[in-house]
Each structure stands twice: as C-alpha cells, then as structure tokens.
Protein chains: 2
Amino acid sequence: VVAWSSGNHAQGVAAAAKLLGIPATIVMPADAPSIKLENTRALGAEVVLYNRLAESREKIARELANTRGAVLVPSFDDPFIIAGQGTIGLEIVDQAAQAQAKVTQILVCCGGGGLIAGIATAIKASAPDINLYAVEPAGFDDTTRSLIAGKRETVGPNAGSICDALLTPSPGELTFPINQRLLSGGLVVTDDQVRAAMRFAFAKMKLVIEPGGAVALAALLAGIAPAAGKDGDTVVVVSGANVDPTLYAEIISSLR
Amino acid sequence: VVAWSSGNHAQGVAAAAKLLGIPATIVMPADAPSIKLENTRALGAEVVLYNRLAESREKIARELANTRGAVLVPSFDDPFIIAGQGTIGLEIVDQAAQAQAKVTQILVCCGGGGLIAGIATAIKASAPDINLYAVEPAGFDDTTRSLIAGKRETVGPNAGSICDALLTPSPGELTFPINQRLLSGGLVVTDDQVRAAMRFAFAKMKLVIEPGGAVALAALLAGIAPAAGKDGDTVVVVSGANVDPTLYAEIISSLR
C-alpha cells in the first residue's frame, strides 16, 4: 500500500500493513514531528519525505503507487476511510447511552474532513437533532469558510500553526458534500487556545494530546462553542497524541 | 474529617468531603508537588503543611482531629482504606477475564502498603496462584526489606527520590501482616528507571504518570520483574498522575 499523511494516518496504515504482512510506503511532510516519522518507521513502513509548501503529496503518492502496483490509501478523501472513522460516532452513541448523557452537540477536529464526515454520518442516522461542529486551527479554516461560502474554498499555504495534523488547504471532494449536508458549522481556535487545552488535559485529565488533537477541547474551554444549555451535554473528540517531547515540555511549562 | 497524605489520598479525601458537604483538613508535606497542594485546596480542603524530615504527620493529624472532634482518615493503615483500594483487584479480575488474559503476576506501587494489601486480598481470594510484588523506589524499600527480614523495618529519612508519593519510612501495622502473608516479594527501582517509564508512557501510552505511579511499569520495562513466561501475562498497576509540569517537562525531554 501507498499512503500520504502528516503522521497519524501514517501509523495506522503502517500498523495495518504490518498485521497483514504487506509492505507500506508513506509520503510524509519533511517537517512532520520526529515522533511521527520515528513511530511510522518503527512499524516497518518506508517513509518518503516531501516539501509541504512546494510539492503535492497526492501526486507523489499516486506515482509511487503506479510504479509499484500498490493500492492507494488516502488519509481522508475515501469512502472506506470515512466509514472506518465513522465508527467513533457509533462509540459516542454507545457511551452516551451508558453515561445517560443527553448529547446536544459534538465538536470534532477537522483537517480534510474525513473524521467528522464519518462521525456525522453515524450520528445523524440515529440522532438527527445533534449538532456537529468542525473545529480548525486559525489560518487553516478551509472547512469553516467552505461551509459559509457553500463551496470548497482553499486557504493559502503561508499561514503556520502548531496543529501539524490539520494543515490541509481545502476540504475533500468526497468529504465536503457530506459535511455541507450534515454539519451545523465550523469553529476556529488559535494556537494559544490549543496550548491551554493541552495544559488542561495534562493537569486535569492526565492525557497527552497533540496540538491537532486538542482543537475541539480548546473550542469548548475557550467558550467558542455554542453553549450546550442546561440539560444538554457536549461531546468533544480528542484524537492524536503524537507530539514531540520538546514541544510538549515547552507547552506544559509555559503560561501562554 | 482530618487526613494526612503526600497528595493523592489528600485529593480523594477532599473530593469525598466535598460530595458529602463536610469540612476536610489535610496534613501534607511542605515539599509536596505544587499541583497536589493546589488540587487539594481547589477541592475545598484546608491544607496544613508539615516538615517531612522533622515532624510526625500522624501526630499533627491526631491532635487536629481531637481538637476539632473530626474523624481521622489515614492514607493506608486502615481497614476501610485497604478494602476500598482492594476494589482495583476486583477490576483486574474483571478486565483480565474480558481480555482473556492469563495473569500470572501483578506489580503494584508501594508506599505504606495499603494499595497492594487491598489488591492482594481481592486477588488471592479468587486466584491464589497469582504472584504479587510490591515495587518501591531505591532508598524507600522498607516493605521489600521487611518482607525479607520477616518483621517491619524502617528506612532512614536521609535518602531522596523523585517518587514523592512513596516516601514512607516503614510498612503499616495493619498492612504488613497482610502483605507478609500474601506477597511473593518486593522489587526496587531507581529514579532513572522511573524516568524511563514515564517517558515510555508519554510516547507510547499517551498517559501522564507521576514518578510514584510509574514504579511498577519501571520494574517491568527495566527487566527487574520476574519473567512472566510464555503463556503468562503481567499486570502493572499505574496509579497517580499529579506531577508538576516543570519536573514532567524536564523528564520527558531528557535522555536519562
């Protein structure tokens, strides 16, 4: 298999390929966190680096797949990937029932939109009244802008963010129509709000979360999410914990 | 209620008192991690500081309890505390059955020995063949020494360790006879082995663990625990994640 990924999908594909005993090649940004590069290689995958600002990872991956006769496993714009990630929606339904929670809204981190498209599909099938919001880092709010504009918008590659997993320039061809139909909107958080959420998770939840995995929690803590109301519960999806120790150390011991 | 604690029991007692709407006073070492002092106060408890090397926390707490007519809640040497912590043993039995694991040994962090005495009581009642080991930091191996000597031994207060939760000088009056009857022995880990376990938990398990909570994992990773054998599983109890961000940052970004 050949895949492209900023690092989390990379590890999932590498782990699945290892289980199946087949070779995996993953196209990853040269500036991906070391922990993501190391963990992907440790799972036996070959890593091909590219320049995130100058090259197309899809193009590199397609050429590799053609040359090697391998199957492409995209990181979000694929019906099977969307369906697989949608199982998180089924888990939310199960766990909310167990906790006797009355869920009125769900906040999900959003890069290309595959995770939230899958979750929204699963949720809306059984609970059409629950509102879902895509949460993105400032500068990479392509899904938020696209939902407002009613068509796929692209953000420039010039902005920076500590949320390395969410630096997608535009919503997917498959994911956007799903999200346009099912989401209530997008929310945008700053890097400082993300840092505060990571510190909260460290001090109160005892969980390591990477920046891109913390955006939904950040939106809730920063008061950006719509109020859930007195008898409503908000679900926050936390996904991804592959953060380099140096950056994590800096964030948890800083005040901003 | 009045309790004494290095900080984890403190938070448990403070939270329980808050739920019941009764005042709580906790005697804590002046050199306890700030996060433990802050979290205990945030739960509404009054914190009374003492000098760990020169004063007796039990004596201070007993005097406070007498003066105020309050109930004492010791951190380990109490039948109810031992029984309550023993519910972790019941959870291990349940979860091992669900995971179809064949548990042959269980490693548990040990300060005064209440946690492992409770777990051992619960485990041995249904699975007498499982071996339990108390894991302690070097310099505070009072339970390990006592198990070898066959009587309660006391270690000097001069040794230091990053495992602030486990700096107990001697096994409890109630806990030691239980542990003497039920444990297979004690294991001792160095601070550097604890640091390595904390880094492992950060990078691979995505869990924040405090030094004292990581000793059992450290014993397993350092190869100090007896080999579980080909068809046996080892259970490690990880308990406690109240570590100051500055110390945690230093540990995860260091190599030693």
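Here is the naming used below: chain letters follow the sequence lines, and residue numbers restart at 1 for every chain.
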message = Let me confirm one number: the CD1-CD1 distance from B/Ile252 to A/Ile252, rounded to the nearest 0.5 Å.
response = 5.0 Å
query = Quick one: what part of B/Leu207 sits under 4.5 Å from any heavy atom of chain A, side chain, backbone, both or neither?
reply = both
remark   = Taking every heavy atom of A/Phe202 against every heavy atom of B/Val243, the minimum-distance pair comes out as CZ-O, 3.5 Å
inquiry  = Which atoms of B/Asn39 are under 4.5 Å from chain A, going by heavy atoms: the side chain, the backbone, both sets, or neither?
reply    = side chain
key: Residue among B/Ser253, B/Pro245, B/Ala201 with most heavy-atom pairs under 4.5 Å to chain A   = B/Pro245
inquiry  = Check the orientation of B/Tyr248 and A/Tyr248. Use parallel for under 30°, tilted for 30 to 60°, and perpendicular for over 60°.
reply    = perpendicular
Any side-chain heavy-atom pair of B/Asn242 and A/Lys206 under 4.5 Å = yes
